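In what follows, a single structure is set out as structure tokens and then discussed.
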There are 2 protein chains.
Amino acid sequence: MAAIETLGYHPTAAARSLSTQRTNTIGMIRSEIRLQGNLIETDPMVLDLIDGITSEAINSSTGLTFWAIPAGQREMELYRRLVTSRQIDGLILFALREKDPRVAYLQEQDFPFVIFGRFESKEGDNWIDVDGAAGIEAAVRHLAELGHRRIAYLSPPYEQYLTRLRWQGFVRGMEEMNLLIDPALIYEGDFSEKSGQLGTHYFLDQPNPPTAIFCNNDRMAFGAMRAIQARGLTVGSDVSVVGFDDIPLARYSNPPLTTLNQPIHDIGKALFNLLIKLINREPIDLLGGKLLKPELVIRQSTGRPR
Amino acid sequence: MAAIETLGYHPTAAARSLSTQRTNTIGMIRSEIRLQGNLIETDPMVLDLIDGITSEAINSSTGLTFWAIPAGQREMELYRRLVTSRQIDGLILFALREKDPRVAYLQEQDFPFVIFGRFESKEGDNWIDVDGAAGIEAAVRHLAELGHRRIAYLSPPYEQYLTRLRWQGFVRGMEEMNLLIDPALIYEGDFSEKSGQLGTHYFLDQPNPPTAIFCNNDRMAFGAMRAIQARGLTVGSDVSVVGFDDIPLARYSNPPLTTLNQPIHDIGKALFNLLIKLINREPIDLLGGKLLKPELVIRQSTGRPR
DNA sequence: TTGTAGGCGTTATCAC
DNA sequence: GTGATAACGCCTACAA
């Protein structure tokens with residue numbers, strides 16, 4: 001021990017993991033998405049997730065390794081390589097798509113992974129999600145109670161799995177408040193500010209425009225507010241806007257954004273702990289995943305319609 | 001080869017790195033900072049950096065591993081462990097502090113690393129930085145030309161190395177435009193929106209308040225705008241605000257933020273390529289690092305004073 | 001308690 | 001070229 005101290009000895013990680021079959025590293029892969037040739041930047045929400053995961057991981061001296069790869073052919077190759085070369089002990093997935101091949105592959109390989117979000121097979125116990133549908137329902141109720149009757153829906157990309165779940169919440173909320181869903185007030189966004197702007201201009205160009213817009217993330221909501229203001233309208237009185245995520249900036253926008261809060265930082269921590277249990281083949285106490293309620297944070301971007 | 005294909009064989013990463021002494025992984029460590037017990041979230045700028053690094057790293061199938069650790073004692077232990085256990089091939093440093101012990105240690109160990117930013121010993125060739133001082137000088141010139149004479153300075157934390165460099169730019173700009181620096185119009189921020197708010201309220205409470213505020217990042221600028229608006233004042237006419245970074249949200253704030261653009265994504269790519277050269281002991285063509293000019297993006301948060 | 005052999009899965013070397 | 005063999009540095013098990 002004294003010798004270790006004086007020589008500053010540390011076991012070589014590679015040798016150790018060759019022997020123990022553990023790397024003390026978990027992985028996360030960002031699927032790069034391009035729209036019209038433009039790379040969509042990573043959602044700020046992911047940064048919170050990283051913060052949460054890593055701040056928990058340090059306690060077990062585990063690192064989080066990151067890759068970015070365009071979705072598609074090469075993406076699955078990367079997953080395959082990481083799994084078969086045992087470069088990491090487990091994976092954290094997010095932004096699942098419909099019929100996501102990654103889940104099927106990892107299940108088939110019995111490779112430890114957790115999901116931020118849910119997936120088709122509800123029986124898994126390896127996910128943590130926010131109940132987006134319930135959140136959206138609450139948001140619609142809030143808007144309806146303010147007097148809004150024409151509420152537009154700025155959707156996530158249709159390819160994402162959560163899109164279906166969230167849509168159910170919107171439908172439920174609208175039905176509950178006896179409001180009609182106008183197909184002209186639905187727009188598919190891509191989570192970027194730009195698409196929030198485009199969608200909002202589209203909505204406001206309708207013969208019968210909405211008085212409120214629900215946006216499926218805060219970035220699109222920022223774009224929506226910008227588009228509203230560009231037309232000389234006032235956010236919160238002429239058109240109300242609701243976001244989703246409650247990223248740190250949401251309270252500093254003008255006006256401050258009414259949005260659904262997800263405790264991303266804590267979710268990151270929980271996902272990490274869950275993954276470690278899976279890696280260690282320890283029993284998981286939560287059955288069928290874990291569903292958190294998002295909280296509607298009412299700020300000044302919503303108000304009574306004129 | 002046929003057998004490899006049919007069996008789906010992939011070399012084991014650990015065995016390979018034990019033999020080759022390469023891990024095909026580079027590292028990045030976030031120093032967690034707490035202020036009054038609150039964890040300061042990572043700056044959104046870092047996300048762009050990660051995006052840039054990883055989108056380049058994928059070409060050489062290299063991963064980026066992340067750790068988060070409170071600055072201080074344990075931090076150096078982590079660096080030591082990573083270096084001596086050869087868990088990574090190289091490191092990317094950012095947000096250097098005055099007399100940063102990390103640089104000294106890595107140099108002493110002859111461990112490959114690159115810096116986003118600069119450090120005291122200018123002779124190194126392992127850094128890429130944006131010339132913040134020149135940018136701030138340009139921002140001050142812009143404000144002075146609009147007619148501002150009382151310009152406040154929302155500083156980065158004093159412990160950071162770049163603070164000194166940026167301050168020089170401010171002084172230079174003020175002198176150049178024959179403006180006086182009022183010690184009452186200087187405030188030390190911590191890069192968070194909150195500190196932008198606090199600093200701005202402090203400025204506006206002065207007997208002789210400023211007509212313009214230069215903020216050393218966009219997040220603080222958002223906080224500043226919020227504080228100005230909370231007092232019923234108008235950003236851009238009553239008080240002008242300039243930021244630094246040009247994060248994606250800067251153009252979507254209200255009003256859109258005048259700020260200094262740093263091509264973070266490209267810097268991330270360049271840092272990665274530089275680090276790989278260092279790891280391979282290849283010759284570096286740039287001598288004494290690389291300094292990029294930030295670009296002043298003029299939007300609506302700056303205007304003529306009343 | 002201390003010491004030693006075998007194995008983890010590669011890469012590199014050296015005969016052939 | 002092809003095939004055996006020695007590192008790479010740790011962990012585990014078994015012997016002394």
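Bear in mind that the values here come from a model prediction, so they are computed numbers and not experimental data. Only heavy atoms go into these numbers, but all of them, side chains included; no hydrogens, no water, no symmetry mates. Each chain gets a letter, A, B and so on, in the order its sequence line appears, and its residues count up from 1.
- In this structure R16(A) satisfies the side-chain hydrogen bond (donor to acceptor under 3.5 Å, both in side chains) test with no other residue, sequence neighbours excluded.
- In this structure, R22(A) atom CZ and dG9(D) atom P are separated by 23 Å, rounded to whole Å.
- Applying the side-chain hydrogen bond (donor to acceptor under 3.5 Å, both in side chains) rule to T25(A) yields no partners; only residues at least two apart in sequence or on another chain are considered.
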Please table the atom pairs, donor to acceptor, closer than 3.5 Å between any side-chain atom in residues 262-271 of chain A and protein atoms at least two apart or in another chain.
| residue | atom | partner | partner atom | Å |
| --- | --- | --- | --- | --- |
| Q262(A) | NE2 | D245(A) | OD1 | 2.6 |

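- Scanning for salt bridge (charged side-chain N to carboxylate O under 4.0 Å, His left out) contacts around R164(A) gives E98(A), with sequence neighbours left out.
- With a 6.0 Å radius and a threshold of 12 heavy atoms from other residues, nucleotides or ligands, E108(A) has its CD atom above the threshold.
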Report all interatomic pairs (protein N or O, nucleotide N or O of nucleotides 1-6 of chain D) with separations under 3.5 Å.
none

Between the protein and nucleotides 12-15 of chain C, which nitrogen or oxygen pairs are less than 3.5 angstrom apart?
none

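- Under the rule for a side-chain contact (heavy atoms from CB on, under 4.5 Å), the partners of F94(B) that lie at least two apart in sequence or sit in another chain are M28(B), V46(B), F116(B).
- Taking only side-chain nitrogens and oxygens, R86(B) never comes nearer than 4.0 Å to OP1 or OP2 of dC8(D).
- Applying the salt bridge (charged side-chain N to carboxylate O under 4.0 Å, His left out) test to pairs two or more places apart or on separate chains, those with a residue in residues 274-283 of chain A are D110(A)-R281(A).
- Regarding Q87(B), its CD atom lies at a distance of 16 Å from the P atom of dG9(D), rounded to whole Å.
- Residues meeting the salt bridge (charged side-chain N to carboxylate O under 4.0 Å, His left out) test with D190(B), sequence neighbours left out: none.
- Under the rule for a salt bridge (charged side-chain N to carboxylate O under 4.0 Å, His left out), the partners of D246(A) that lie at least two apart in sequence or sit in another chain are R299(A).
- Sequence neighbours left out, the pairs with a member in residues 19-30 of chain A that pass salt bridge (charged side-chain N to carboxylate O under 4.0 Å, His left out) are R22(A)-D89(A), R30(A)-D51(B).
- Comparing dC8(D), dC11(D), dC8(C) by their closest approach to the side chain of L18(B) singles out dC8(D).
- Considering all non-hydrogen atoms of both residues, A15(A) and L18(B) come closest at CB-CD1, 3.5 Å.
- Look at NE2 on H10(B): it is 11 Å from P on dT10(C), rounded to the nearest Å.
- Distances shown here put every side-chain N or O of R16(A) at or beyond 4.0 Å from the OP1 or OP2 atom of dG9(D).
- Within the helix from dT1(C)-dA16(D) to dC16(C)-dG1(D), the inter-axis angle between the opening and closing five-pair segments is 50°, rounded to 10°.
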